[in-house]
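A short worksheet on the structure shown next.
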Amino acid sequence: MDNISILLIGMLLEIFFDWPKIFYKRIKHPVVWIGYLINLLDSIFNKPKYSYNLKRLFGLFTLLVCLSINLLFFYVISYFFKDIIYIEIFYIIIVWSFICSKSLYSHIKEVEGHIKRNNLSDARVSLSHIVGRDTKSMRKNAIMRSSLESLSENTSDGIIAPIFWYFIFGLPGLIVYKTINTLDSMIGYKSIKYLGFGFASAKIDDFFNFFPSRLTGLIFVILSNKPISTLKIMIRDASKTDSPNAGWPEAAFAGALSIRLGGPKVYSGVKSNEQWLNNNFKDPDEKRLSDGIKLYKKLVISIIFFLLILTLFE
């Protein structure tokens, strides 16, 4: 089975079944196991008594250990089981678990459902599962704005970037990216605890998301109803976020939906005065939230169609 077919089948399984509860109950999820490893290394090497430079060194060591163990596991399984089982099944399971189009969609739809019922307290709780900012005091417009920001940014992190690195380096590329992205999500914070220890993970995550984030923004531009103006807004506002990459899909999303995104946020009680994206427009309403979800679905369907074409003509 070729790499494109493995990618296509893995994505379709994820879209239709997500990660089944019975799998999670019996074997957890590969990202959960990566998280266990990161937490273990964090507890050993990220001590408050260590200096900033020593934490940076240990953080780099943690990054290398996580990458080495995950790649070693992949190569060992591939080598010892290639003649015993259909190894392609193992490869498909990796793709299935490492691309999260359905799970992202389900989280946003859950928030949307609470918004439609005007159940803001549950909407805040659901949103807190997918964003790092404080959600407890968010108003309705801020909940919808944050949901669309998360949807656009995580389209890059959860779909486009894994596929991009899969096309470049195959399954090892996918594994490396997902490991780095998990490290960044767990220790790549600019807090006192992780400023040094998470430095290497945050920087390499920025590197690995450089091209995928811009590609994601470009795809949103192409799929929007007004590509020219959306492209102009993306180019104009992409650099206004604190992240070197998040602004590209977010600004494209804001332009495509004729809304503003970004703006001030609160992280662990500390306010971040980020600039607005597409500030000439208003916050999203319920219709724009729905339109954003539809645009996301259009992107996922387009990817599946693209992979089908590649499979047929390969």
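Just so we're clear, the structure is a prediction, and the values are computed from it rather than from any experiment.
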- Message: Does this structure show an ion pair linking E250 with K240, if we count only N-O contacts that are shorter than 4.0 Å?
- Response: no
- Message: Is it the case that the side chain of D205 and the backbone of S201 share a donor-acceptor pair, with hydrogens and angles ignored and the cut-off at 3.5 Å?
- Response: no
- Any donor-acceptor pair under 3.5 Å linking the side chain of R124 with the backbone of I143? no
- Query: For the side chain of S43 and the backbone of L40, is there at least one donor-acceptor N/O pair under 3.5 Å apart?
  - Reply: yes
- Message: Please evaluate residues D42 and T62 with respect to the criterion side-chain contact (heavy atoms from CB on, under 4.5 Å), reporting the C-alpha separation (whole Å), side-chain torsions for both, the decisive distance (0.1 Å), and the verdict.
- Response: CA-CA 8 Å; D42 183 11; T62 295; over 6 Å; no
- Query: Any donor-acceptor pair under 3.5 Å linking the side chain of Y177 with the backbone of D157?
  - Reply: yes
- Item | Distance-only polar pair, side chains of D184 and Y189, donor-acceptor under 3.5 Å | no
- Task: With the side chain counted from C-beta on, respond yes when E110 and S106 share a heavy-atom pair under 4.5 Å apart, and no when they do not.
- Result: no
- Under the side chain to side chain donor-acceptor pair (under 3.5 Å) rule, what do N181 and T179 come out as? Steps first, then yes or no, please. CA-CA 5 Å; N181 191 243; T179 302; over 6 Å; no
- Task: For residues F90 and F81, establish whether the separation of their ring centroids is below 6.0 Å.
- Result: no
- Task: Please name the pair of heavy atoms, one in N154 and one in I130, separated by the smallest distance, quoted to 0.1 Å.
- Result: ND2-O, 4.1 Å
- Under a 4.5 Å cut-off applied to non-hydrogen side-chain atoms, are L289 and S147 in contact? yes
- Item | Minimum heavy-atom distance between K178 and F98, given as atom pair plus value | NZ-O, 3.4 Å
- Do the non-hydrogen side-chain atoms of F306 and L310 ever get within less than 4.5 Å of each other? yes
Let me have the donor-acceptor pairs involving side chains of residues 5-15, under 3.5 Å, with sequence neighbours excluded, atom names and distances please.
residue : atom : partner : partner atom : Å
S5      : OG   : D2      : OD1          : 3.3
S5      : OG   : D2      : OD2          : 3.0
E14     : OE1  : S101    : N            : 3.1
E14     : OE1  : S101    : OG           : 2.5
E14     : OE1  : K102    : N            : 2.9
E14     : OE2  : S101    : N            : 3.4
E14     : OE2  : K102    : N            : 3.0
E14     : OE2  : S103    : N            : 3.4

- Counting heavy atoms not belonging to L312, are there more than 12 under 6.0 Å from its CG? yes
- Task: If the plane angle is over 60° it's perpendicular, under 30° parallel, otherwise tilted; pick one for W96 and W19.
- Result: perpendicular
- Message: Is any side-chain heavy atom of M144 closer than 4.5 Å to one of L148?
- Response: no
- Which heavy atom in L151 sits nearest to a heavy atom in T155, and how many Å separate them? O-OG1, 2.5 Å
- Query: Do S68 and N70 have side-chain N/O donor and acceptor atoms under 3.5 Å apart?
  - Reply: no
- H29 side chain to S97 main-chain N or O, any donor-acceptor pair under 3.5 Å? yes
- Side-chain contact, heavy-atom cut-off 4.5 Å: W248 with S152? no
- Item | Main-chain N/O of K193 paired to N46 side chain as donor or acceptor, under 3.5 Å | yes
- How close do R133 and S146 get, heavy atom to heavy atom, and via which atoms? NH1-OG, 3.0 Å
- Item | Check: Y50 ring centroid to F58 ring centroid under 6.0 Å | yes
- Query: Going by heavy atoms in the side chains, are H107 and S126 under 4.5 Å from each other?
  - Reply: no
- Item | Test item: S224 side-chain N/O and A256 main-chain N/O as donor-acceptor pair under 3.5 Å | no
- Compute the ring centroids of W165 and F208, then answer whether they are less than 6.0 Å apart. yes
- Message: Walk me through whether H114 and L120 qualify under side-chain contact (heavy atoms from CB on, under 4.5 Å).
- Response: CA-CA 7 Å; H114 293 315; L120 299 187; over 6 Å; no
- Item | More than 12 heavy atoms from other groups under 6.0 Å of CZ on F167 | yes
- Could you check if a side-chain atom of L171 sits within less than 4.5 angstrom of a side-chain atom of V95, using non-hydrogen atoms only? yes
- Item | Ring centers of F74, Y91 separated by less than 6.0 Å | yes
- Task: Using modelled atom types only, decide if a donor and an acceptor are shared between the side chain of Y166 and the backbone of N3 within a distance under 3.5 Å.
- Result: yes
- Task: Check side-chain hydrogen bond (donor to acceptor under 3.5 Å, both in side chains) between Q275 and all other residues, then give those that pass, not counting sequence neighbours.
- Result: none
- Should we count CD1 of I44 as having more than 12 external heavy atoms under 6.0 Å? yes
- Any donor-acceptor pair under 3.5 Å linking the side chain of S302 with the backbone of K298? yes
- Message: Determine whether N209 and S213 satisfy the following criterion, side chain to side chain donor-acceptor pair (under 3.5 Å), listing intermediate values before the conclusion.
- Response: CA-CA 6 Å; N209 280 300; S213 64; over 6 Å; no
- Query: Does a sphere of radius 6.0 Å around CZ in R139 hold more than 12 heavy atoms from other residues, nucleotides or ligands, not counting ones at 6.0 Å or beyond?
  - Reply: no
- Item | Polar side-chain atom of K265 near backbone of G263 as donor-acceptor pair, under 3.5 Å | yes
- Considering all heavy atoms of both residues, which atom of T241 and which atom of A238 are nearest to each other, and what is their separation? OG1-O, 3.7 Å
- Message: Counting C-beta onward and ignoring hydrogens, is there a side-chain heavy-atom pair between Y105 and V300 closer than 4.5 Å?
- Response: no
- Residues L195 and K190: closest non-hydrogen pair is CD1-CA, 4.0 Å
- Query: Heavy-atom count around Y52 OH within 6.0 Å, excluding the residue itself: above 12?
  - Reply: yes
Contacts table for residues 277-286: side-chain donor-acceptor under 3.5 angstrom, sequence neighbours left out:
residue : atom : partner : partner atom : Å
N278    : ND2  : A254    : O            : 3.2
N278    : ND2  : I259    : O            : 2.9
N279    : OD1  : R260    : NH1          : 3.4
D283    : OD1  : R145    : NH1          : 3.0
D283    : OD1  : R260    : NE           : 2.9
D283    : OD2  : N141    : ND2          : 2.7
D283    : OD2  : R145    : NH1          : 3.1
D285    : OD1  : K287    : N            : 3.2
D285    : OD1  : R288    : N            : 2.9
E286    : OE2  : K140    : NZ           : 2.8

- Message: Under 6.0 Å from the ring centre and within 45 degrees of the ring axis: does the NZ or CZ of R214 meet both conditions for the six-membered ring of F210?
- Response: yes
